[in-house]
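One structure is given here, and the rest of the page talks about it.
Quick note on labels: first sequence line is chain A, next is B, and so on, each numbered from 1.
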Amino acid sequence: MSYYDVDAILTDAQKVPCTFELTVPGLGYIEGNMGGDMKQGSKVELPLWLGEMLALSQSLNTSSLVTLDPPAALAPRVLNALKADPRTVDLRALAPHFYNLGARILELFEEEEMIEILSETFKARAAVIADQAHNPRGALGEGADFMRGLEENERQLFRAAHESAKSVRAWMADLKK
Amino acid sequence: MALPLPRGLTPSEVSFLCEMELVTVTPRQRLEGLALLGGPIKPLNPPHRASLPLWLALLLKRQRRANILPPPWLSPHSLTAILDHETEYADAFSPPPRLPPQPSSNTLPFSPPFLLGATADAAPDALPYHWLELGEMLLEAASDDFEDPDNVRKLLRGLREVRMAKLRTNVEKLDAGGGVKMNGIGGLEVGEGRAFVTGVIDGLRKIAASQEQQRKDRDRYEGTGDNYDDDEMEMDT
């Protein structure tokens, strides 16, 4: 991941639920409580980069400041739906950078099963994407709902597959001139 | 940041490479020998067949100075047989032409791009590396040299569809460290499939990156542990 990678930056900006383990004076504005304190045990949605930093930083002798929970996009309910049928889930509505978010979360939590589910989902959806990329009519017809649910990585994959098929067709049309 | 050029070869680059393949022609006019960078070309005498690079053959064909003999695998009969084989075995491509016996004195490697796959004496039952490009170019420039060009064109389209569909379904068997068996795949197909297949592998590796990192860490940890043991044993002895 490059420093200037827009997708990485946008992934970092996704919100994750965090629970404060300590009372922090004057931080209440994050919750919308102007000028108040951040109470111990309050749950706030923080951007991934901030939540990660606060969760990993350890002050001298206390435990970490906040604890992270997996975001709603990777909740067990979603994972079960993906296990049942990866093709019908609208990943874009869950998170525009679903797989990137998943990869970042997996760096923080150790979940063998989540890796398994995400890989299977990606493969199953990639096969459909390839078919859609080669039959452009499908993208407008019955596949439109699926195409709208593609997240950012999948869109790039679709674009790559579509471009290469298009360039071969263009080359063949060029021969006829 | 990286150049915005796509990885791999574009179709026109692949077809450019394909133009160095030798094809068999029957000249209609005399032509003196040419000294080309790729090697000298013998003088052309009308009734005798000769092997020329595809680009030169196409040029002579366009000037009506030669007829191109399509390779034997580009006949409706062979293509139908190959297409049957492709549809019968859903999990592999039809095998590439068999390699010639390695000449003992010659140590140059014989691999598909450098084999004679398009001359009149090529193997009739297998698709060489540049099958799709060569077939399309010959059908375009020399369709009157084919017995049944429309049928050949239709069969080529069918073959292309079947094989691309195989390449796409193969990704379901991929995993972050795995590969796809692509024996017998052609140059243009590699170019077309590359962006998609590498995209899938990159995505899978990204998802499994944490697992990979863990495994690496564990290996390194165990590796240093072994070294430590070794050191200790040396000290003991």
Please flag which part of A/E154 lies under 4.5 Å from any non-hydrogen atom of chain B: side chain, backbone, both or neither.
neither
Where the side chain of B/S78 meets the backbone of B/L74, is there a donor-acceptor pair that is under 3.5 Å apart?
no
Go through the atoms of B/L132 and report whether side chain, backbone, both or neither lie under 4.5 Å from a heavy atom of chain A.
side chain
Between chain B and each of A/A127, A/A161, A/S119, count heavy-atom pairs under 4.5 Å; write down the option with the most.
A/S119
Verify, without hydrogens or angle tests, whether A/R125 (side chain) and A/P86 (backbone) share a donor-acceptor contact under 3.5 angstrom.
yes
Given that the side chain runs from C-beta out, which part of B/M164 has a heavy atom under 4.5 Å from chain A: side chain, backbone, both or neither?
side chain
Checking the side chain of B/S143 only, and the main-chain atoms of B/E140 only, is there a donor and an acceptor separated by less than 3.5 Å?
no
Report which part of B/Q214 has an atom under 4.5 Å of a heavy atom belonging to chain A: side chain, backbone, both, or neither.
side chain
Checking B/K61 side chain against B/L138 main chain: does a donor-acceptor pair fall under 3.5 Å?
no
Would you say that B/P53 contacts B/I41 through its side chain, given a criterion of any heavy-atom pair below 4.5 Å between the two side chains?
yes
